[in-house]
Amino acid sequence: MLDLKGVNAGYGSFQALFDISLNVKAGEAVAVIGPNGAGKTTLMRVISGMTEPFSGEMEMEGKSLSSFPPHQIVELGIAHVPENRRLFPGMSVEDNLKLGAFAKTARSDSAKNLEFVYELFPRMKERRSQLAGTMSGGEQQMCAIGRAIMSGPKLLLMDEPSAGLAPVVVQQVFSLVRRIREEGYTVLIVEQNVQQVLQVVDRAYLLEAGQLIDSGKSKDLLESDSVRKAYMGL
Amino acid sequence: MDEIFDIFLLEAIINGILFGGVLALLSLGLNLIFGVVDVVWICYAELVMFGMYTVYWLAGVYDINIFIAALGAIALVSVLGWLVHVLIISPILGTAPINQLLATGGLLFFLQSVATLMFSIEFRNLGLRLPILEFSEMYFSYARLLAFGVALVGMVVVYLFLTRTYIGAAIRAISQDREIMVLMGVNAKKIYWVTASIGGGLAGLAACLLVLQYDVHPFVGISFGPITFIICVLGGLGNMIGGFIAAFILSIIISIGGLYSEIEWGYVFAFAFFIVMMFIRPQGLLGKK
Amino acid sequence: MTRTIPFIIGFLLVVAPFSTPQYPLHLLIMILIWSLVYTAWSLMGRFGLVSLGHGAFMSIGAYVTALLWNYSGISPWIGIPAAMITAAIMAFLVAYPCFQFKIVGHYFALVTLALSEVVKLVIIASRDHTGGSLGFTPNREGDGTSFYALQFADKETFYFVVLGAWVLGLVIWRLVDKSMMRYALDSISEDEDASAAAGIHVTGSKLKITMLSAVLTALGGALYCQYQMFIGPEVIGGIGISLQIVFAVVVGGLYTMMGPTIGAIITLLMTEIFRNWITSLRTEGIDLAGLDTSIYGLMLILFIIFLPKGVLGELIDRLAGGRQKDTS
């Protein structure tokens with residue numbers, strides 16, 4: 001579904017990603033794990049069009065992403081749940097969700113998708129007229145994921161969904177990710193919380209200092225000594 | 001004696017409220033542009049002036065039906081608003097904000113002068129004589145009542161647009177998180193265009209309402225411009241509800257001030273009130289820190 | 001070579017009145033007066049304090065001086081300092097709360113714009129004393145030349161008065177540029193909170209420069225009044241003049257000592273040439289009133305879009321850039 005070949009990217013003269021090649025197949029859940037500052041967020045931003053890559057090929061279902069302006073990437077079926085959720089704090093939950101369906105391709109299904117989001121997160125339905133900025137971190141994460149779902153995506157990019165949340169809430173967030181998988185979405189997730197994320201994804205890439213250094217099935221990685229030592233402190 | 005005095009005061013307050021309608025409309029347009037594009041159009045009232053001339057020429061000189069003339073003025077000023085954004089603001093969006101303020105200031109001179117060149121400095125009016133209404137010993141001009149009513153309707157339409165449509169939601173969202181808009185599939189440039197055109201259209205609507213009450217001349221913008229900026233700042237720049245309330249507070253102050261002395265003192269009181277309020281609530285009436 | 005240029009210009013400026021016809025001399029005087037005002041504005045403008053209220057300070061300078069002279073017979077020698085003090089007090093009253101409450105950027109520009117409207121409207125509204133929109137003329141003393149009244153029938157004497165004031169403006173600009181306050185203000189314009197944390201007295205520093213700027217602007221207003229012997233609320237105040245001040249500085253260059261003066265030369269010559277052209281057209285029966293200011297307004301817009309650093313700033317950048325390329 002998603003194919004990256006030799007992607008280099010960064011900001012100005014600073015390069016954050018070096019020669020990244022990865023792929024995500026339809027129906028898969030894939031994680032990119034790595035320490036702070038490894039370039040995980042940049043990777044997400046490059047795919048969704050927020051940051052322009054220096055060079056490299058990116059394809060979504062055979063279509064080259066570079067031939068679309070950034071705001072049309074979402075119409076190809078890529079939805080990005082950004083780092084720190086980035087809701088519109090002064091707007092209601094429902095307005096936030098509605099904005100998720102702004103893309104022309106999403107508007108016709110927006111009523112159906114809204115129904116689905118409310119079914120997935122009944123809490124959001126209760127809070128639909130509340131200002132998004134006044135909700136708890138976990139609720140905001142639900143809203144952010146719901147907003148991404150509103151665009152009717154095939155692929156969900158999730159950037160550190162567990163960051164800044166209390167441990168109990170982190171558990172909830174990962175069960176959310178599992179739910180979304182079960183609904184048939186393809187997921188590319190970036191996480192520092194390696195132990196937990198490896199339990200919900202099929203495969204994972206290891207990103208360090210802007211380069212992919214390893215990849216494999218989650219099961220194998222969970223058992224790999226080097227991964228356990230480097231990322232789980234075991 | 002006391003009773004008559006109270007009637008005058010009441011009349012002044014009501015007239016102030018009526019006058020406030022158009023000011024609220026103007027400040028809504030300016031706030032909309034500021035909220036979305038983060039630029040203050042110093043030349044906003046000069047766009048109104050062009051709208052007033054449009055109505056004057058279409059209806060007053062070429063005898064076109066006044067409603068069609070009004071629609072023409074709204075359309076023209078709306079296009080002008082779009083041009084202001086595309087030609088002047090857009091090339092310098094990334095530079096220091098003060099440059100954008102100044103560029104529209106340069107446009108203020110330009111529009112005043114072009115109007116002088118095209119229409120000369122003569123004062124012109126439609127020559128419409130709308131009736132004065134009497135209501136229990138108080139007198140209100142029909143033009144003002146009409147202006148107030150239409151301004152309110154205009155604001156409700158904008159409100160519905162902002163709350164009921166996708167573009168409207170994007171307009172409200174863009175000031176909260178500009179960068180993230182692209183993830184929603186929003187083309188920020190297009191939102192800027194729509195906003196500039198709506199801002200222009202509101203100036204055009206205000207022009208239609210003002211030309212019913214006032215003469216038009218190249219410098220008429222100076223009478224509405226500064227007070228509009230002050231309303232926006234008092235309400236909290238970009239805060240549309242704050243601007244709405246501030247418009248009525250200031251117009252009532254002007255009207256009451258004008259009752260006891262000359263109308264200039266009314267404005268002096270309003271400006272002085274504004275400066276004092278800036279010290280009490282520097283973020284604006286409803287602005288957040 | 002470059003060191004001698006200021007001396008040559010200085011010499012030319014001193015001998016200028018004795019060899020110049022009246023009209024160019026008039027232009028030169030106007031350029032010097034406005035240069036003083038523009039330099040005064042740039043004192044604070046260069047630190048990101050964009051005031052649209054300097055028309056108010058100019059008006060205060062002119063009207064206080066003229067009103068004291070006409071109604072109380074107080075000599076401008078006392079009236080001008082009094083006007084300058086009034087401007088300083090006004091600047092303090094408006095700026096202190098602004099800075100205390102961190103009103104910056106757009107807000108500061110619009111609050112100061114309100115100040116310029118208030119002063120203009122007060123002048124118009126007190127028409128019984130100030131003549132309102134029709135303007136105000138200081139009483140002539142004797143035959144038109146009086147040291148006591150600071151009125152001179154000949155332009156030559158007045159030229160030296162404004163030359164002195166202009167030089168004073170430049171000296172103050174230079175003193176500020178070399179002072180510790182400049183570093184404080186530079187750092188404040190970068191990051192106010194960090195500066196405060198570093199022990200810089202943010203409000204105090206901004207207040208000082210604002211009051212200094214207001215005082216010098218008032219001096220410019222007073223000199224304008226003494227020279228033209230006519231003032232009006234829109235002639236030296238209001239939003240028009242306040243914007244004109246900012247524009248001229250932007251055209252000339254905000255960050256160099258001579259920038260505001262260059263801005264005054266460019267803008268005044270431009271308006272003067274256009275005005276003469278329109279007048280000559282009118283004698284031929286073509287009325288293009290407004291064309292001059294249209295072109296002027298258009299050029300201002302183009303200037304801001306294409307030369308945001310001003311003519312002098314851009315020139316210096318180019319030269320400096322060229323030099324760097326040479327050495328590398």
Side-chain angles (χ1 to χ4, degrees), chain B residues 34 38-40 42 87-88 91-92 95-121 218-219 222 225-227 229-230 232-234 237 261-268 270-272 274-276 278-284 287, chain C residues 45 48 50 52 93-94 96-98 100-103 105-127 132-133 234 238-240 242-244 246-247 250 254 287-306 308:
Chain B
F34 180 82
D38 207 5
V39 174
V40 177
I42 292 283
L87 295 180
I88 294 171
I92 50 173
T95 67
I98 201 65
N99 283 344
Q100 296 146 24
L101 194 95
L102 291 178
T104 62
L107 188 61
L108 179 149
F109 282 131
F110 179 70
L111 292 175
Q112 281 181 354
S113 319
V114 167
T116 309
L117 187 62
M118 288 166 68
F119 312 119
S120 86
I121 52 170
F219 302 96
I222 297 290
I227 190 78
F229 305 134
I230 272 130
C232 290
V233 178
L234 182 60
L237 263 181
S261 180
E262 279 140 301
I263 192 72
E264 285 97 357
W265 283 109
Y267 277 92
V268 172
F271 283 115
F274 160 73
I275 291 179
V276 171
M278 281 322 285
F279 303 144
I280 299 168
R281 286 193 68 81
Q283 71 276 34
Chain C
V50 176
L52 292 179
L93 286 179
V94 174
Y96 177 76
C98 273
Q100 196 68 15
F101 293 117
K102 295 198 177 143
I103 295 173
H106 283 110
Y107 275 83
F108 184 70
L110 293 174
V111 172
T112 50
L113 178 112
L115 172 70
S116 111
E117 281 294 301
V118 171
V119 170
K120 185 190 89 179
L121 286 166
V122 167
I123 292 169
I124 295 178
S126 356
R127 52 177 65 85
S133 319
E234 302 268 7
I239 177 172
S242 296
L243 275 172
Q244 179 196 315
V246 187
F247 279 131
V250 170
L254 193 52
D287 189 7
L288 289 176
L291 183 64
D292 50 343
T293 35
S294 303
I295 299 172
Y296 182 66
L298 194 61
M299 289 186 72
L300 290 177
I301 301 171
L302 295 177
F303 254 111
I304 289 159
I305 295 178
F306 295 108

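What's counted below: heavy atoms across the whole structure, side chains too, no hydrogens, waters or symmetry copies. Here is the naming used below: chain letters follow the sequence lines, and residue numbers restart at 1 for every chain.
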Go through C/Ile295, C/Val122, C/Leu115 and name the one with the most non-hydrogen pairs under 4.5 angstrom from chain B.
C/Val122

Between C/Leu121, C/Leu113, C/Leu300, who has the most heavy-atom pairs with chain B when the cutoff is under 4.5 Å?
C/Leu121

From CA spacing to verdict: side-chain contact (heavy atoms from CB on, under 4.5 Å), C/Leu52, B/Leu101:
CA-CA 11 Å; C/Leu52 292 179; B/Leu101 194 95; 4.1 Å; yes

Provide the closest heavy-atom pair for C/Ala114 versus B/Phe274 in the form atom of the first, atom of the second, distance.
CB-CE2, 3.4 Å

Please name the pair of heavy atoms, one in C/Phe247 and one in B/Gly106, separated by the smallest distance, quoted to 0.1 Å.
CZ-N, 3.0 Å

Side chain, backbone, both or neither: which part of [X] has a heavy atom under 4.5 Å from chain C?
X        : answer
B/Ile42  : side chain
B/Pro226 : both
B/Leu102 : both
B/Ile275 : side chain
B/Leu237 : both
B/Ile230 : side chain

Taken in chain and number order and not counting sequence neighbours, the residues that satisfy side chain to side chain donor-acceptor pair (under 3.5 Å) with C/Ser242 are C/Ser116

Contacts of B/Ser113 meeting side chain to side chain donor-acceptor pair (under 3.5 Å) (sequence neighbours excluded), chain-then-number -> C/Thr293

Does any heavy atom of chain B fall under 4.5 Å from the side chain of C/Val50, the backbone, both, or neither of them?
side chain

